[in-house]
Structures are given as structure tokens and as C-alpha cells.
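Note that the structure is predicted; figures quoted are calculated from it, not measured. Order of the sequence lines fixes the chain letters, A, B, ..., with proteins taken first and strands second; residue numbering starts at 1 for each chain.
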Number of protein chains: 2
Amino acid sequence: MATVDGMALGKDYATQECSIARALEIIGERWTLLVVRDALYGVRRYNDFLVHLGIPRAVLAARLQTLTGEGILEKRRYQQSPPRDEYVLTERGRALWPTLRALGLWGREHFTETQLRYFRHADCGTELGPYGECPACKAVVPLEDVVMEPGPGLDRAPADPVSRALLKRKRLLEPLETEPA
Amino acid sequence: MATVDGMALGKDYATQECSIARALEIIGERWTLLVVRDALYGVRRYNDFLVHLGIPRAVLAARLQTLTGEGILEKRRYQQSPPRDEYVLTERGRALWPTLRALGLWGREHFTETQLRYFRHADCGTELGPYGECPACKAVVPLEDVVMEPGPGLDRAPADPVSRALLKRKRLLEPLETEPA
DNA sequence: ACACCTTGGTTCAATGACCGAACTGACAGT
DNA sequence: ACTGTCAGTTCGGTCATTGAACCAAGGTGT
């Protein structure tokens with residue numbers, strides 16, 4: 001049983017001939033989709049992912065490398081003087097938004113009592129439908145035109161600064177501004 | 001065996017206040033979404049999941065138990081004489097179809113060369129859109145009205161009988177008929 | 001009655017993934 | 001020179017997954 005594939009990333013589903021299985025080989029590992037979610041919410045820096053997710057450092061480093069290698073995130077330098085990099089979503093990464101939207105809606109309807117966040121079409125204020133479309137405009141809303149705002153179920157005074165920054169009404173992908181320590 | 005503790009299934013994301021994280025605690029473990037996918041395709045029996053997925057027996061048993069416990073699958077007796085049970089999707093489980101559709105489409109567009117399966121609206125033959133809706137009828141198609149059929153990329157002579165049975169054009173959820181050995 | 005098959009599991013040792021804490025290294029500010 | 005921040009790497013322990021073997025209940029064939 002040779003793995004046809006040369007590089008053998010983590011956990012594969014070798015016997016499966018299925019695009020769902022292929023997708024899960026890439027983004028099905030623990031923490032991975034939460035990293036992508038945070039990136040959609042505007043998180044870009046290693047340390048912000050770290051404190052917001054509560055993920056072990058080694059695992060975060062591994063996930064960022066895999067996601068970068070698969071073309072879902074892109075690592076780029078945003079300042080020179082102390083050299084600092086940030087991780088931003090590529091087109092391929094942004095294309096995961098409908099999946100995450102559907103998954104979040106499923107989670108909310110079946111396992112959450114209160115609404116945690118609202119996602120609305122910036123142009124008209126309508127809450128998004130199950131795959132990220134605007135029911136009023138009847139069109140898929142580009143990520144930049146989606147505003148996220150906290151719902152009643154969300155803790156108003158979270159411990160970590162990233163969660164606090166995410167309480168502010170903002171657009172998807174808009175870089176997160178954390179409080180200066 | 002397992003989780004004596006009230007709930008606390010395996011891997012949680014304790015710090016996350018997010019319906020995506022809640023969802024991933026339930027269906028984010030390895031193999032779980034593939035079990036749900038197979039169930040949507042009409043697989044119902046332990047042995048069919050086993051040979052189709054190539055999953056270790058212990059893991060399959062654990063996943064079926066978790067999914068049953070979370071109300072995603074329901075275990076029910078379908079014959080008495082040799083007592084046999086089957087696992088069928090509940091409403092909560094069927095509600096995962098849009099998520100899996102979105103995920104599969106993402107996988108196909110970014111990591112697959114050829115089309116493996118088509119999913120069409122039975123009434124009009126139109127291929128489904130990215131969240132399981134019919135672009136022609138402009139409505140979400142109920143699962144029973146979705147026909148799946150093999151695409152050009154799918155192996156025509158797979159080794160296991162479940163994959164062979166899945167080559168037949170059939171509707172979602174329609175129970176799979178494997179060849180008698 | 002006896003052997004043997006199918007279905008649906010459970011048990012076990014070995015491997016691999018994940019965990020938290022400590023350590024490293026590059027740079028900046030004082 | 002010392003302190004602090006950021007972005008990792010290293011390390012020992014723990015937990016999940018794996019494949020193979022074992023088990024049990026209920027047929028079927030002779």
C-alpha cells in the first residue's frame with residue numbers, strides 16, 4: 001500500500017475517493033478550523049491566535065505551517081525594524097467562509113441556547129442566511145461587506161485582550177486591533 | 001471504557017465561546033464527518049461503514065456511540081430473528097448536509113482535478129449549488145430529492161462492495177443495497 | 001450435535017498526536 | 001547591561017488512534 005502522494009501530511013484518509021475526505025485531510029485536524037475562523041475574524045498574529053485559542057504553542061506553529069503550505073494562509077512581513085510577520089488568508093482560505101458559516105449555524109441551532117454573534121450584510125443590515133448570503137439582496141455577500149457584532153450570549157468582559165477586541169463591531173477580515181499592553 | 005463522566009467527550013475547546021467550536025467538539029474528531037457523509041449516502045450498517053471507511057473497529061464503535069449520544073444518529077432494530085441494528089440519521093444529523101456540501105465543494109475546487117460525484121435536484125436535473133440549493137428552482141432541495149451519481153473521476157471497479165453499491169445512481173438517504181456475498 | 005459463518009462489537013500493546021512548561025534567539029527600549 | 005516582547009523549538013508525560021486478536025450471539029450446513 002504505497003501512498004501515492006509523496007509528502008504524506010499528517011492524517012490522511014487513504015482509501016477515500018471523495019472531495020470531502022480530501023478537504024478533511026487539510027483542515028480536519030484539531031484546532032485547524034478554529035485558526036481559520038480567527039483569521040476570518042481578523043486575527044493575524046501568532047500571539048493573538050495563541051491567547052485567543054488557548055492552543056499549545058507547538059501545535060499552533062504546526063498548524064500555521066500546514067495552512068501556509070496548503071495555500072490557505074500566507075505569511076508576510078508587515079514591519080522590518082523588529083522583523084514581524086503576519087498570517088493572512090488567501091483566496092483559498094477565504095473560500096472556507098461558507099463552510100464555517102454553515103457549521104456555526106448548525107452548532108448554534110442544536111447546541112447553543114443564546115445567540116453569540118450576528119453576521120450582517122453591511123449594506124442593508126440583514127442577518128446572513130445559512131451559507132453567507134443576504135436574504136434581502138438575494139446575493140452572496142463578499143467577506144468585506146459582512147459585519148460581525150456581539151450577541152446577547154457573549155461574555156462582555158472576557159479575560160484575554162483578543163476576545164475583548166472581538167467584541168467591537170467590525171467587518172470580517174478587517175485586521176484586529178488589540179489594546180496596547 | 002469510555003467517558004464515565006457525565007459528558008466530557010474527548011476533545012473540547014474549553015475557552016471558546018463560539019458555536020463553531022461547539023460544533024467541532026461534536027463532529028470535529030477524526031472520522032466523524034466521514035461517518036455522517038456515509039450515512040447521508042445511505043450507509044446504515046456497522047459492517048458497511050467499516051469496509052467503506054477502512055476505519056479501525058474500535059474507533060467506529062466509539063464514533064457511532066458518540067453520534068448516537070448526541071442525537072445525530074439513531075440506532076434501531078431492523079430485524080429480530082438474528083437481532084440486527086442499523087444507524088440512521090436524525091433530523092439533527094440531516095441538518096449537517098449543507099455543511100458537508102460546502103466542504104465537499106471547497107475540496108473539489110481546490111484539491112481535486114476531476115469531478116467525483118454529481119448531486120442533482122431530482123425534479124429538474126440541475127446540479128446543486130454550494131449549500132445544497134437548486135439554482136434553477138431557487139429553493140433548498142430536501143435530501144430525499146437529491147440524486148447522487150458518479151462523475152468521471154470515480155474509479156469504476158473499486159475493491160469493496162460498498163463503494164460498488166455507491167456507483168449506482170441513487171437518492172441521498174436511500175438505504176444502500178450491497179451485493180449478497 | 002457439531003463445525004463454521006456472519007454481525008457487531010471489546011481488549012490489548014504499540015505508535016503517534018497533543019499537552020503544558022521551560023528554553024532559545026532576535027531585536028528594542030531604557 | 002538589563003528587561004521585555006515576539007515567535008517560535010524542545011522536551012517529558014499523557015491521551016487518542018491503530019491494527020490485530022479475541023469474544024459472543026445467533027444462524028446455516030451436514
Side-chain angles (χ1 to χ4, degrees), chain A residues 1 3 8-15 24-25 28-35 43-68 73 75-87 160-162 176 178-181, chain B residues 1-5 8-15 24-25 28-35 43-68 73 75-88 160-162 176 178-181:
Chain A
M1 300 255 149
T3 27
L9 29 126
K11 343 193 85 180
D12 62 344
Y13 299 104
T15 74
L24 288 173
E25 288 174 0
E29 283 176 300
R30 185 156 159 73
W31 295 110
T32 303
L33 275 181
L34 293 185
V35 171
V43 176
R44 294 182 168 198
R45 291 158 57 168
Y46 180 93
N47 220 41
D48 288 348
F49 287 111
L50 195 71
V51 307
H52 187 230
L53 293 174
I55 183 180
R57 306 178 81 89
V59 177
L60 177 58
R63 294 297 182 271
L64 290 173
Q65 205 177 333
T66 301
L67 286 169
T68 304
L73 293 178
K75 183 179 189 169
R76 70 177 186 213
R77 181 133 313 178
Y78 69 94
Q79 69 176 32
Q80 297 293 343
S81 73
R84 292 283 181 260
D85 299 318
E86 62 185 1
Y87 295 88
D160 73 286
V162 177
L176 193 72
T178 49
E179 316 144 21
Chain B
M1 22 200 341
T3 50
V4 184
D5 186 315
L9 29 129
K11 346 192 87 180
D12 62 345
Y13 299 103
T15 73
L24 288 172
E25 289 174 0
E29 283 176 302
R30 185 156 157 75
W31 297 110
T32 303
L33 274 181
L34 293 185
V35 171
V43 176
R44 294 183 167 196
R45 290 158 58 167
Y46 180 93
N47 220 41
D48 288 348
F49 286 111
L50 196 71
V51 307
H52 187 230
L53 294 174
I55 183 179
R57 307 177 80 89
V59 177
L60 177 59
R63 295 296 183 271
L64 290 173
Q65 206 176 335
T66 301
L67 287 169
T68 304
L73 293 177
K75 183 177 189 170
R76 70 176 186 212
R77 181 132 313 177
Y78 68 95
Q79 69 175 33
Q80 297 293 343
S81 73
R84 293 281 182 262
D85 298 318
E86 62 185 1
Y87 294 89
V88 290
D160 73 286
V162 178
L176 194 72
T178 48
E179 316 144 20

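- Regarding B:L73, its CG atom lies at a distance of 14 Å from the P atom of C:dG8, rounded to whole Å.
- Formation of a donor-acceptor pair under 3.5 Å by the B:E25 side chain with backbone atoms of B:G28 is not found in this model.
- Taking atom CD of A:Q79 as the reference point, atom P of D:dC6 lies 10 Å away to the nearest angstrom.
- Using a 4.5 Å cut-off on side-chain heavy atoms (C-beta onward), A:T15 and B:L53 make no contact.
- Remark: A:R30 qualifies as a cation-pi partner of B:Y13 under the 6.0 Å distance and 45° angle criteria applied to the six-membered ring.
- Remark: P of C:dC27 and CZ of A:R77 are 9 Å apart, rounded to the nearest angstrom.
- In plain terms, the two heavy atoms of B:I55 and B:F49 that are nearest each other are CG2-O, 4.3 Å.
- Distance from the side chain of B:E29 is smallest to D:dT17 among D:dT17, C:dC18, C:dA28.
- Every residue two or more places apart in sequence or in another chain was checked for a ring-ring contact (aromatic ring centres under 6.0 Å, His included) with B:Y46, and none qualifies.
- Counting only N and O atoms by type, the side chains of B:Y87 and B:R45 include no donor and acceptor under 3.5 Å apart.
- With C:dT10, D:dG26, C:dA28 as the candidates, the nucleotide lying closest to the side chain of B:P83 is D:dG26.
- The side chain of A:R84 lies closest to D:dT5, out of D:dG8, C:dG8, D:dT5.
- Rounded to a whole Å, the CZ atom of A:R63 is 8 Å from the C1' atom of C:dC18.
- For C:dA17, the OP1/OP2 oxygens have no side-chain nitrogen or oxygen of A:W31 closer than 4.0 Å.
- In this structure, CZ of B:R45 is placed 11 Å from C1' of C:dG8, rounded to the nearest angstrom.
- Atom OH in A:Y78 sits roughly 8 Å away from atom C1' in D:dC6 (whole-Å rounding).
- In this model, the phosphate group of C:dT7 is not approached by any side-chain N or O of B:Y87 to a distance below 4.0 Å at OP1 or OP2.
- Listed by residue number, the members of residues 49-62 of chain B with any heavy atom below 4.0 angstrom from DNA chain D are B:P56, B:R57, B:V59.
- Rounded to whole Å, atom P of D:dT9 lies 10 Å from atom CG of A:L64.
- Heavy-atom neighbours of A:E86 CD from other residues, nucleotides or ligands within 6.0 Å: above the threshold of 12.
- The B:Y46 side chain lies nearest to C:dT10 when the options are C:dC27, C:dT10, D:dA7.
- Each of B:D85 and A:Q80 was matched to the nucleotide of DNA chain C holding its nearest heavy atom; the match closer to the 5' end belongs to B:D85.
- D:dT18 atom P lies 8 Å from atom OH of A:Y13, rounded to whole Å.
- Along DNA chain C, the nucleotide closest to A:S81 and the one closest to B:N47 are compared, and the more 5′ of them pairs with B:N47.
- The side chain of B:R30 contributes an N or O atom lying less than 4.0 Å from OP1 or OP2 of D:dT18.
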